[in-house]
Structure formats: C-alpha cells, structure tokens
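In the text below, chain A, chain B and the rest are named by the order of the sequence lines, each starting its count at 1. All of these numbers come straight from a predicted model, not from anything done at the bench.
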Protein chains: 2
Amino acid sequence: MVDYKLLEALATIMECGGFERAGEALGLSQSAISQRIRALEIRLGQPVLVRHPALAPTPAGQRLLNHLQQVRLLERDLATTLPTLETASPRLRIALNADSLATWWAASIGDYCRQAGVLLDLVVEDQDVGLKRLRDGDVAACLCASSQPIAGARCVPLGQMTYLPLATPAYIDRFFFDGLGEAAFRQAPAIVYGPHDQLQHRFLAHCGYHGPFPYHLCPSSEGFVRLARAGLGYGMIPRMQAAAQLAGGELASIAPGQALEVPLYWHFWRHSGNLLAGLTTHLEAVELT
Amino acid sequence: MVDYKLLEALATIMECGGFERAGEALGLSQSAISQRIRALEIRLGQPVLVRHPALAPTPAGQRLLNHLQQVRLLERDLATTLPTLETASPRLRIALNADSLATWWAASIGDYCRQAGVLLDLVVEDQDVGLKRLRDGDVAACLCASSQPIAGARCVPLGQMTYLPLATPAYIDRFFFDGLGEAAFRQAPAIVYGPHDQLQHRFLAHCGYHGPFPYHLCPSSEGFVRLARAGLGYGMIPRMQAAAQLAGGELASIAPGQALEVPLYWHFWRHSGNLLAGLTTHLEAVELT
C-alpha cells in the first residue's frame, strides 16, 4: 500500500509553492517535510520534484499527484455513505480557457461547489496545454474548444460562445470610416491574446484579408477588454463579456452582423466519482449565449 | 555589425510562436526562416532557441532579442528627427501584475500609446518573475509591488492600490455572522490568486489568525472577482475593481474599515529612448486610488 502521508507532503508542497509553507500548512517542520519527500524518492528510486528553474513535479511525481487526486475524489464519495468518516474537502483541479473564467463559469457552478463543499484549483490554459495536462493527470477536467478525445476521459459538448469584433466608436471612425478594406486592416491595430490566439486571424480571413496586421499582445481576458475600451485596438470579444459596453454604446462592432462561434467541450476523468459527475450535470445545463 | 535580418527572424519566430507563422508574417518561406536562424547560430557558435519542451530562446538568444528591442526603441527616437526614415512601429514588451491590467492600466496609457503609435506586448507575471525578466532583458519594463533595484534600470514609485476583504452579503451572513473568529476562518473558504499570493494570509494575520484556512485557487483577476460574486469565497480585491459591486451592494467587506495597501513600482531600462520615458511620465501622473 502506498504511504499517503508522503504523497500528501508532495501535494502540499506543490499547492503551497514551497517546503516551508507546506510545513506550516501541515503543522510540520521544514525538515520533516524534506524527510517525507526523501522517503518517497527512495521508495520510488527516482526524484519526484525539481527545484530549478522552478519548483515542479517530475513526470513520476506528477503521476503520484494524479493518483492522489483520484483517491481523494473517491474518498469523498465514500464519506457520503459513511458520514462519520472524516475526509478533507477535496480540491478539484480544473484547466479552463480564460474567457469562460472571465464570464459564465463561476456563476454557473457556484451553487453546486458551495453545496458540495468543493474547493477549486483553477488553471488557465490554451486548449492544447489544457488537454495535455488532462492526459498527464495534472488536472481532473479541462474546459476548452477542442473535441479531441483523451483516453480515459469523457467529452461533453457545452454549446458555443459567440465572439464579436469590437472597438470603441471613436476607433471605428478613425480606422474604418471607409469600411473594412485591405488598407484599413494594414493600419488598424488589433488585440491578440497570445501566440496561439487565431480568432483575429480567422475574422480577417472571413473578411477576405490574409495579409499582415499590427497588433497588441495581451494575455488577460479582462485586460483585453480594457485595451479595447481604451481605444487601443479592435478584437474578438465574447458577446456576454461586453454586454454592458455594447448596451451603453462604449463598444461597437466593426462589422455588424458578423460573429465567430467557438464551441466549448468539457473533458473529465471517467472514474473519479460523483463529485465530477455532479459538476458535469451542472455544466450541461448552462446556457452559453 | 550585427545582421539585423537574422535577429528579426528570431524575434518574429518568438512573437508568432513558430517558424511557419513567422514566415507568413515576414513574407518568407519556412525554409528561408530556418536558414536565417542557422546562419545566426553559426555566427554565434551556439543555439539561439530550443523547440522542446516549448519554443523558447536560449540565454544567448534572449540577449540578442533584448538588444534588438533596445535598437528598435532607439530607431524610433531617430525617426522623430528624421521623419522620412521608415521604421516599424515598435512593440513594447512590459511585464505587469494582473490586478493593474484588470483595472487602471489601459485607461491610463491608452491615449499615449495611440498617439505614439506604440504596440504593446504585455506579460502578466508575479513580481519576482517580472523583475527577473527585466534583469534578463526579456521585457523593457516591469510594473510590480517590489522596489528592489535592478542594475541598468530606473525605479519610480507610482502610489498604492487599496485592497479590501470582500464577499457577498449572503456569504458573510453564513460564515461570519458571529464575527471574524478563529472558528469562522477555519471554515470559510477564501480565494487565493496563486502560490505566491500572500494577501489573504496578510489579512488573516492582521486579524490575529495564523492557522490553516480552506481556499480556492484562481489565477485570473476577473475570475477571482467572479468567484467572490458567485458566493464561493472571500478575498482581497482592489477597491477600484469592485467599485460597482460595492456601490450596488453585491459585495461587501467582511471587516469594514480594514484594508491592505500594496505599493506599485515602475522599473524600466535606463537607455531605451524617449518612448519609455514618455510612457513613464504618463504613469507618474496616474491616480491609483
């Protein structure tokens, strides 16, 4: 049988970001924590974490953390039938896209998590990285735009988010007074979330434009909207995120009637008990538009 | 003299996240881009980038990118006295804290960047990582809570951001009906931005509580506020970010009258021309509270 005290030490170090804080969290000295990690590495015959360039689990350490999370979720189910059994509130580690977190996510799952006593450990990731984390067992679920199946996981479609090409009216007057032509797109700065964000490129391709365009890079959903509101550029923004600015006339579409639909899929481990299953039921009921 | 075509190929690969897209951006074939990188590596006698586990510059490549950015900023100044000289719009790479980007940042520098024709390349980082990036030359400036001086950079204080411990009234009724005691803090879930976020710990220490507490992890400013609004936890939120929710009664302080002040400092390269100096003048005029 695995010694779960050792796995818990490893998990706490990763959650707290260091040996000293993990010791505080578990009520142990730093040297006691180090001893547990050493004991784990001796049993395993290989390291479970690295300290440089940043504190991180090794692939073997990651598999142990994955296993621990699955055991904790199953213990949780056990506790519902054996209420006198004391189990810690499980932390559900979920990768999701920034725009969902900035819009509908919390309001949709808030009641469920409160009632079930779930603590969330959210990770914001591009879909490729998010799915890789699910495959590696680093997260128990992943919310993203890809329907690519992952072995051992179920995939449920949640609907689509609608993105509109938005800017301030003053920005539109300045750069698009003559319509959406090649000359305008060459001059008008866009806003792009990061190197993997292709929404602006897709919108331009829709408009028949395939050339280069200037853009700001801003890897934050709310920062993205703030840059657009400050008149720095246009960008594809979820309609639900800009509802107030659209209603108030602070932002407007540079191409009225045009939109991009981005599907969302919920991937989650198959054998992780009722907590994830319950969360999934809640997510399936969400109205994204 | 350095061959800047080669450096530009390297910079474009990093900006676009790949050789193929960099080729498209520069109007070159993928093999032409690869040849430029090979030529650069032969001259330098060492690699300038790695492809695994993720595409990234080597330390030597990073020093080249740093140098290229500085040259571009100086070219920009030259172009103001020689307006017929054609220079590309420079992209200013800046590390900043998530809460500034989610609140005052864009509105404060929007006019300046628009007039100066600056494109921003923003990187959201903890202060330690942000300052390290400045030291490594990966960013030209860093906005963070640390006043720790960096060689070659100037440091300007910008004021303080005020954080309040906020939750929904229903949450406060449920967990803090009996005041802010040890029993309440042991039960009430907090929201923590990430392993390096110590604001909640500092607030609890202010209240005389030093024990463990349950918490959600949410590495997104807006996601943080969304979790609080959904009643999942309490957390330290910038007053300016929650102004509407405070006025509307949707969020309230769990400890009225208590606040934490977080100072902000603007670190930037000394010898990078007028563009950064102009941006600095604008930032010095910002009213943070």
Side-chain angles (χ1 to χ4, degrees), chain A residues 14-18 21 24-27 54-55 88-89 91 93 96 98 100-111 113-114 117-124 129 171 174 189 191 194-196 210 212 214-223 225-233 241, chain B residues 14-18 21 24-27 54-55 88-89 91 93 96 98 100-111 113-114 117-124 129 171 174 189 191 194-196 210 212 214-223 225-233 241:
Chain A
M14 293 306 150
E15 279 170 25
C16 299
R21 282 194 220 133
E24 284 166 19
L26 293 173
L55 185 68
S89 187
R91 202 185 295 278
R93 191 160 164 85
L96 76 176
S100 290
L101 183 54
T103 54
W104 58 273
W105 169 260
S108 303
I109 52 86
D111 286 344
C113 291
R114 217 167 38 235
V118 184
L119 294 176
L120 296 171
D121 180 357
L122 302 176
V123 185
V124 177
V129 180
Y171 181 96
R174 180 163 168 216
I191 311 169
H196 299 290
H210 299 273
Y215 56 88
H216 303 280
L217 282 167
C218 180
S220 147
S221 266
E222 177 149 37
V225 176
R226 295 266 170 188
L227 290 192
R229 288 169 67 183
L232 280 168
Q241 194 173 5
Chain B
M14 292 306 149
E15 279 169 24
C16 298
R21 282 195 219 132
E24 285 165 19
L26 293 173
L55 185 68
S89 188
R91 203 186 293 279
R93 191 160 164 84
L96 75 177
S100 291
L101 183 54
T103 54
W104 59 273
W105 168 260
S108 304
I109 51 86
D111 286 345
C113 291
R114 217 165 40 235
V118 184
L119 294 177
L120 297 171
D121 181 357
L122 302 176
V123 186
V124 177
V129 180
Y171 182 95
R174 179 162 169 219
I191 312 170
H196 299 290
H210 300 273
Y215 56 88
H216 303 281
L217 282 166
C218 180
S220 148
S221 266
E222 177 149 39
V225 176
R226 295 264 170 190
L227 290 193
R229 289 168 66 184
L232 280 167
Q241 193 173 5

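Counting heavy atoms from C-beta on, the side chains of A:Pro219 and B:Leu122 come closer than 4.5 Å.
Under the side chain to side chain contact (heavy atoms under 4.5 Å, CB included) test applied with A:Cys218, the options B:Leu101, B:Leu120, B:Val124 reduce to a single match, B:Leu101.
Ranked by non-hydrogen atom pairs under 4.5 Å with chain A, the options B:Gly223, B:Gly17, B:Ser221 are led by B:Gly223. For chain B, the option among A:Ile109, A:Val225, A:Leu26, A:Thr103 with the highest count of heavy-atom pairs below 4.5 Å is A:Thr103. The candidate from B:Leu227, B:Val123, B:Val129 with the greatest count of non-hydrogen atom pairs under 4.5 Å with chain A is B:Leu227. Counting heavy-atom pairs under 4.5 Å between each of A:Pro189, A:Cys16, A:Pro212 and chain B puts A:Cys16 at the top.
Residue contact with chain B, scored on non-hydrogen atoms closer than 4.5 Å, involves the backbone of A:Ala107 exclusively. Of the atoms belonging to A:Arg21, it is side-chain heavy atoms, and not backbone ones, that fall under 4.5 Å from chain B. Heavy atoms of A:Arg229 lying under 4.5 Å from chain B are absent altogether. Using a 4.5 Å cut-off between heavy atoms, A:Tyr215 contacts chain B through both its backbone and its side chain.
Looking at every heavy atom in both residues, A:His216 comes nearest to B:Val118 through CE1-O, 3.2 Å. Contact record, B:Ala230 with A:Ala106: CB-O, 3.4 Å, taken as the closest heavy-atom pair.
Here CZ of B:Arg226 is found 10.0 Å from OG of A:Ser108. Values are rounded to the nearest 0.5 Å.
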